[in-house]
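Remarks on the structure that follows.
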Amino acid sequence: MEFAKVYNPKEVEKRIYSFWEENRYYHASITSKKKRFVISIPPPNITGSLHIGHALNNTLQDILIRKKKLEGFEVLWIPGTDHASIATHNQIEKELKKEGKTRFDLGREKFLARAWEWKNKYEGYIISQLKALGCLCDWERLRFTMDEVCSRAVREAFCRYYEKGLIYRDYRIINWCPRCKTAISDLEVKTLITPSKLWFIKYPRRDGEGVMIATTRPETLLGDTAVAVHPEDERYKKIIGEKVILPLMNREIPIITSPLVDKEFGTGAVKITPAHDALDFEIGRANNLPAIKVIDEDTRITSEGGKYQGLTREEARVEIIKDLTKEGLLIKEEDYSLPLKTCVRCETPIEPLLSLQWFLKMAEIAQPAKEVVEKGEIRFIPDRWKYVYLDWMENVKDWCLSRQLWWGHRIPVFYCDDCQEIMVSRIDPSECKRCQGKNIRQDEDILDTWFSSALWPFATLGWPEDTPEMALFYPTDLLSTDPDIIFLWVARMIFSSLFFTKKIPFHTVYIHSTVLSQSGERMSRSRGVGVDPNLIIERYGSDALRFTLTNLETQSQSFRFWEERVTLGRNFANKIWNAARLLHPVLSQIPQPESEDLTSPIDEWIISEFNKLLSDVNHSLNNYNFSAYATSLYEFFWHTFCDWYLEFSKRRMREKEPSTLYTLHIIFRNYLKLLHPIMPFLTEEIWQRFRFGKSILDERWPEKIPLLPSEKVGMVSIMQEMIKGIRTIRSELLISPKVLLTLLINPSLTPQALIDFLKGNMEHLQTLAKVKEIGLAEKRPPLSSSYSTSQFEFYLPLLGVIDVNKERMRIEKEIYELQQELAKIEERLRDEEFIKKAKEEVRVREEKRKIEFTEKLKRLNNNLSYLV
RNA sequence: GGGCGGUUAGCUCAAUUGGUUAGAGCGUCGGUCUCACAUACCGAAGGUUAGAGGUUCAAUUCCUCUACCGCCCACCA
């Protein structure tokens, strides 16, 4: 196969992914005896394609999956998609709007047919995106929240909750979105600060002063059934219990008290509209007030609204203000920044409505969900998110389950029209179980989309059946997701799992950064700032995107992404590719040597550097520090392996020196394994080209390479310093390398003479002064105009002629300082006063420093001994 | 109103949990077609770590306050 000068991911990636698929590398066996590692994918909504945020999340999961696979685990990553009830509705309705239709013009059945079409289209595209990204999902276990398996779980779950008395139907104030035409949960409401007015309206009394209230929604006045004041508000004490006349409606309503009223706001007196405000509803309920619904689901005034009937809420407001002014009851208007509640999807102002809905009682099931996190059975990473979760669980309210939509799981409740019996059933009943009547109809509503998502980790494994998957792969290990669905989804999975399976759904929740656009906006498809990963992959390659995203993932709140940033990953992939080009003729022909005596300090040095890398990588991944993982791989390969090791080793590579071949083999192969989780395509391609094996996925994660400690290793860095010094001088003084080298190899020139010759660069020259004796002319290769590292390779023997005295003095000085410091620490630790007064952590810190310094001292003494 | 995160080089971000001279990529400046790579190589410049106090032998790191920026939660009508 050709080895092109520039890495071409497009040519490689499709082929490699097909190879993995054909060989079923993604598949988890139920007969395997290995330890298991399981992730269920956060199922993407089928509303559209994945954006960069998804690419990040799935890259991170794939990294962990592949690492665990290399570590010898039986890994299972269950893929799937979410029907995303309301979001999908919105998308389809947007399309319909273009055709001039609403979903009601189509009717339920035709709308659902269209939704399934939509689902098939986008599910396919999403899967193609995941594959393009390289995700090693078990495609034989692909699920959809509305497929047969998941639907069954949903129905079972609803019935079990109901049978335990946790699901009830009641009138409550719910958030009604007039555009989506459904109830939505509190979490789907967002408050927008909107410029508005505060209207001050006088509610007169038959005899006496009356009372002035302040309101932001004068149109709800039509449904007022009381005026409330704070029980301790001196201003109103006298008139509590009196009646006032509701303006425009001429209805007498009482003045009541409630501790929920804020004395400071407005006039301290508040109009109470129990049917259109959650707080008013609560106050109304406590005082047995009637609730009069004056605004309907289309936001029009109902027949209860007298002459205003039929107007929209906006029109009614205008009319009512006009009429109040006419009657002299509108005292004043003030400008006011209104926290307006809107639908999170369409930004339509929501209408709080009194409505009959299904609810899930939360108090009881929230308790264990709180405990598992408190006790650390489920761990949030980064840790801070657990407080967000706990705070929500602490104050959780009952969950409104029903939605007045079509696309989703229909509520399994059946009503008998003959005897009004209510049946909740696992299978559709054909007749009433009480009166055997045949007039049965199913509840029209569907379940909140998160109801099915809440069952995802176990529903995907076949629950409620006792499947082998359920026995083997549950609980799962990790959930990786973004912060905005901690309540909507993560919390609900946890309490659902505990309730139904008595197990936690996963033991770790990783919350990744939010991906922002270049200008700092949130990635969002609907706002058109989402970037399709396929586009980036097309231009830069999957590995490049994966590497770049991982490198940006630093456990911070968010990071900004734009296309050009991916050049980082692309260039890195190309660098690796080219190193492979260089190594291919050397390594692909020869089987890996068993072991070899290392004859060069450089070989020992790179192995010790690799061991450092390995421990960094393990540490980073174990702590979900993805950025550190990516950075250390980058740093090692580019600036340690390529810049120094390969340059130093070129000659010995050409001469096929056994020590170097052995080292190259062991370093390069093991490096590819460490890199594989993050850049799977490139590493697999190289692995196969080098004929290292059938697939890198058959390999095992590297262990530390055994290395006998040698005195020469520590000297490599001194040599690097020297070379850097020489380069700096050359570059700064613009001396050609030829001249400089001539100077250096001239035996008649002492270091001192050199210093004299090259005045003004003392700092660098001091480095040069380490060269005491120069007699290397015959050893050096022919000079070119180049001064890349390889040209300095012949300096290696200089290791033996370093100015020993100078180096010794430097180390001795450092040792002396260290000893002084250590003595101080020891004195402090002996000081009983100090120990008594100091906090435990201070003492521990001192102990730590002592150990640290002692070790450093040992190392320095060791170095010193080499110099003798 | 409450909670959380942030403020470090021109830009985007790091800093092994308090320890040598605060790093990287991009950008800038200077030098290179060099037999893996110009998607490259070599060198350089660039920082009072938002500000003010405090603790410490030592602070980007811990504490307090201030100023901005961002996110989340909340029944001020």
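Hydrogens, waters and symmetry mates play no part in the numbers below; they use all other heavy atoms, side chains included. Lettering of chains follows the sequences in order, A, B, ..., and the numbering in each one begins at 1. As the structure is a computational prediction, the values presented were derived from the model and not from experiment.
- The phosphate of B:A74 (OP1 or OP2) has no side-chain N or O of A:Asn395 nearer than 4.0 angstrom.
- Residue-level contact check: A:Arg570 touches the bases, meaning some heavy atom is under 4.0 Å from a base atom.
- Within 4.0 Å of A:Trp638, counting heavy atoms only, lie sugar-phosphate atoms of the nucleic acid but no base atom.
- Contact annotation for A:Phe572: no contact, since no heavy-atom pair falls under 4.0 Å across all strands.
- Comparing atom distances between the A:Lys341 side chain and each of B:C75, B:U39, B:C37 picks out B:C75 as nearest.
- No engagement by A:Ala278 is indicated, since no non-hydrogen atom pair under 4.0 Å with the nucleic acid exists.
- For the OP1/OP2 pair of B:G25 and a distance below 4.0 Å, the side-chain nitrogens and oxygens of A:His639 include at least one atom meeting the criterion.
- Backbone-only contact: A:Ser556 has heavy atoms under 4.0 Å from sugar-phosphate atoms and none from a base.
- For the pair A:Lys5 and B:A40, the criterion of a side-chain N or O lying under 4.0 Å from OP1 or OP2 is not met.
- Using a 3.5 Å distance cut-off with no hydrogens or angles, the side chains of A:Ser517 and A:Ser519 do pair a donor with an acceptor.
- Within the 4.0 angstrom heavy-atom criterion, no nucleotide atom of any strand lies near A:Val388.
- Using a 4.0 Å heavy-atom criterion, one finds that A:Pro339 contacts the sugar-phosphate atoms exclusively.
- Within the 4.0 angstrom heavy-atom criterion, only backbone atoms of the sugar-phosphate kind lie near A:Lys397; the bases stay farther away.
- Figure legend. B:U48 is base-paired to no nucleotide; pairs are counted as Watson-Crick or G-U wobble with both atom distances under 3.5 Å.
- In this structure, A:Tyr7 reaches neither bases nor backbone, as no heavy-atom distance under 4.0 Å exists between it and the strands shown.
- The side chain of A:Arg522 contributes an N or O atom lying less than 4.0 Å from OP1 or OP2 of B:C72.
- Across all strands, A:Thr216 comes closer than 4.0 Å only to sugar-phosphate atoms, never to a base (heavy-atom distances).
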